[in-house]
Amino acid sequence: MPATVIVGAQWGDEGKGKIVDLLALDSDLVCRYQGGPNAGHTIVVDGETFKIRQIPSGVLRGKICVIGAGCVVDPEVFLAEVDDLESRDVTTGVVHLSGEAHLIMPWHVAIDQASERRLGKLQIGTTKRGIGPCYADKAARLGIRVQDLLEPKILRQKIEVALAEKNVWLERVYGVPPLDLEEIAGQLEAFAQRIRPYVSDTSLLVDQALREGREVLLEGAQGTLLDLDHGTYPFVTSSNTVAANAATGIGIGPNRIDRVIGVAKAYVTRVGEGPFPTEIEGADQERVRELGGEFGTVTGRERRCGWLDLVALRYAVRLNGITSLALTKLDVLSHFAELPVCVAYQLRNGTETLEFPAHQSDFHHCRPVYETLPGWQEPLAGELPPAARAYVAFVEQALGVEIALVGTGAERESVVALR
Ligand code: IMP
């Protein structure tokens, strides 16, 4: 049985949580393959709002949930989420955490915060959750993994070795107070007792599920343009967000993936720094932000808002091998009489291109070429009005990919299936 990947096709916050929640209905397993508590899903169930950062949102449907090897896990955030879900009668017995996933330690958070401060104007605008420093230590082979929680002696040794070095950095490079070994070791030992029951061989678990013919959903965090290799570097996150990494991040072969569903907003948002060609100028930006509730789930930061960018979306289709798209939050555009859509970029030399520039300076300096489509200016419920259908058809035609789902509101039910 094949696996389906769901991937953000823009800069994150595309509303993946809601699409995953919907598709989870017909799935047996929901798996996260990268990222950590920098992601945030907001899901509204029967008027009750759930904000989930670390655990796959499939937990709300009682599905088996996997946090794969490619993820980074903040044990404190994970346990707080477990407590919150359990206190609201959502069972977390279905959650399986890869022993190969890396732990976000207090020094990762401290360094993320201090290094952003130090960069000043050049800062990336991270979520300050320790994501970059944790992945950096993973690559440097200094990381502490979930499985280390199962071996108290090894855990303590690793904390000691890492902290000796990190405290030098914290004090001498960043000029912030050092962290206390006993305090951290004690805290981690307490977390270990509680996390132990969740630790599994998740690669094997997913493989067995696929062999048994079960439906597996592989859920990406953040979005394509935040991919470490292919995104708008250096204003990216520190993992590969693209669909291909679902195989690596879970530990299955790429040939197990059959479908790739891209999720894109009907407009674009971006949090943090970095170039953003279709960022709206003037009062309409504020209007989109208010109408769309565009404030970060994790950080509460205002999201920058822009018109739909088909050049960037075409790039996302290419990078991920997107087989169909879900276009979310179309209702936010109901309030506008005219809807600019970016169909090409004009480069510094005056030429126009449909393809995303490979060189970062070309991207920094490009200007959006807009085509303006008529708005529909009526609420969306049930059947889409003709102008809204035309907007969707325009996007499909420009990208050569079908739009299977359209999001028309925050509630779980507010989705129109076109296919
Ligand atoms: P980090 O992932 O915290 O290191 O942040 C790196 C960049 O990714 C920053 O621009 C963040 O705003 C952005 N980012 C990280 N997670 C998300 C997300 O879930 N949604 C949108 N942007 C994100």
Side-chain angles (χ1 to χ4, degrees), residues 6-20 32-43 51-57 67 70-74 77 81 102 104-105 107-119 121-139 219-242 245 249 262-265 267-276 279 289 292-306 312 316 328-329 360 363:
I6 299 196
V7 66
Q10 293 157 331
W11 274 285
D13 309 314
E14 296 91 349
K16 290 180 292 293
K18 195 170 131 175
I19 303 299
V20 171
R32 274 274 300 270
Y33 58 85
Q34 44 74 228
N38 48 346
H41 288 326
T42 307
I43 297 165
K51 292 193 177 201
I52 314 181
R53 284 156 54 187
Q54 191 81 74
I55 296 175
S57 51
I67 300 177
C71 296
V72 289
V73 180
D74 185 323
V77 173
E81 219 158 85
H102 279 246
I104 298 176
M105 301 297 288
W107 53 82
H108 294 136
V109 179
I111 290 173
D112 199 357
Q113 292 172 352
S115 86
E116 280 284 273
R117 251 197 322 272
R118 191 159 179 262
L119 282 170
K121 269 208 209 140
L122 296 176
Q123 69 173 348
I124 291 161
T126 74
T127 60
K128 301 200 175 101
R129 302 287 162 176
I131 307 298
C134 182
Y135 276 114
D137 277 356
K138 168 179 169 173
E219 169 191 5
Q222 291 86 44
T224 302
L225 295 165
L226 292 171
D227 183 273
L228 181 58
D229 288 301
H230 305 288
T232 49
Y233 192 90
F235 303 102
V236 293
T237 192
S238 296
S239 61
N240 287 111
T241 57
V242 292
N245 190 38
V263 184
K265 256 187 252 205
Y267 50 99
V268 188
T269 61
R270 163 158 218 184
V271 212
E273 308 307 315
F276 186 5
E279 187 161 19
R289 184 179 302 124
E294 298 296 353
F295 302 90
T297 313
V298 177
T299 59
R301 286 183 291 177
E302 282 187 353
R303 295 179 184 145
R304 298 156 66 192
C305 299
T328 60
K329 298 184 101 165
Q360 71 172 30
F363 180 59

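In listed order, ligands and their atoms are each counted from 1. Just so you know, these numbers use all the heavy atoms, side chains as well, and skip hydrogens, waters and symmetry mates.
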Please tabulate, one line per pair, the protein nitrogen or oxygen atoms found under 3.5 angstrom from a nitrogen or oxygen of ligand 1, with distances to 0.1 Å, or say none if there are no such pairs.
{"from": "ligand 1", "atom 1": "2 (O)", "to": "N38", "atom 2": "ND2", "distance (Å)": "2.9"}
{"from": "ligand 1", "atom 1": "2 (O)", "to": "T237", "atom 2": "OG1", "distance (Å)": "2.6"}
{"from": "ligand 1", "atom 1": "3 (O)", "to": "T127", "atom 2": "N", "distance (Å)": "2.9"}
{"from": "ligand 1", "atom 1": "3 (O)", "to": "T127", "atom 2": "OG1", "distance (Å)": "2.6"}
{"from": "ligand 1", "atom 1": "10 (O)", "to": "V271", "atom 2": "O", "distance (Å)": "3.2"}
{"from": "ligand 1", "atom 1": "12 (O)", "to": "G125", "atom 2": "O", "distance (Å)": "3.3"}
{"from": "ligand 1", "atom 1": "12 (O)", "to": "V271", "atom 2": "O", "distance (Å)": "3.1"}
{"from": "ligand 1", "atom 1": "12 (O)", "to": "R301", "atom 2": "NH2", "distance (Å)": "3.1"}
{"from": "ligand 1", "atom 1": "16 (N)", "to": "N38", "atom 2": "O", "distance (Å)": "3.3"}
{"from": "ligand 1", "atom 1": "16 (N)", "to": "Q222", "atom 2": "NE2", "distance (Å)": "3.3"}
{"from": "ligand 1", "atom 1": "19 (O)", "to": "N38", "atom 2": "O", "distance (Å)": "3.2"}
{"from": "ligand 1", "atom 1": "20 (N)", "to": "D13", "atom 2": "OD1", "distance (Å)": "3.0"}
{"from": "ligand 1", "atom 1": "20 (N)", "to": "D13", "atom 2": "OD2", "distance (Å)": "3.3"}

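- Under the side chain to side chain donor-acceptor pair (under 3.5 Å) criterion, T127 pairs with no residue at all, not counting sequence neighbours.
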Between T126 and D112, does the side-chain hydrogen bond (donor to acceptor under 3.5 Å, both in side chains) criterion hold? Intermediate values first, please.
CA-CA 8 Å; T126 74; D112 199 357; 3.0 Å; yes
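- A side-chain donor from one of T237 and N38 sits under 3.5 Å from a side-chain acceptor of the other.
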Step-by-step side-chain hydrogen bond (donor to acceptor under 3.5 Å, both in side chains) determination, D137 to H108:
CA-CA 9 Å; D137 277 356; H108 294 136; 2.9 Å; yes
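- Considering only residues two or more places apart in sequence or on other chains, T232 meets the side chain to side chain donor-acceptor pair (under 3.5 Å) condition with W11, R270.
- Considering only residues two or more places apart in sequence or on other chains, D74 meets the side chain to side chain donor-acceptor pair (under 3.5 Å) condition with none of them.
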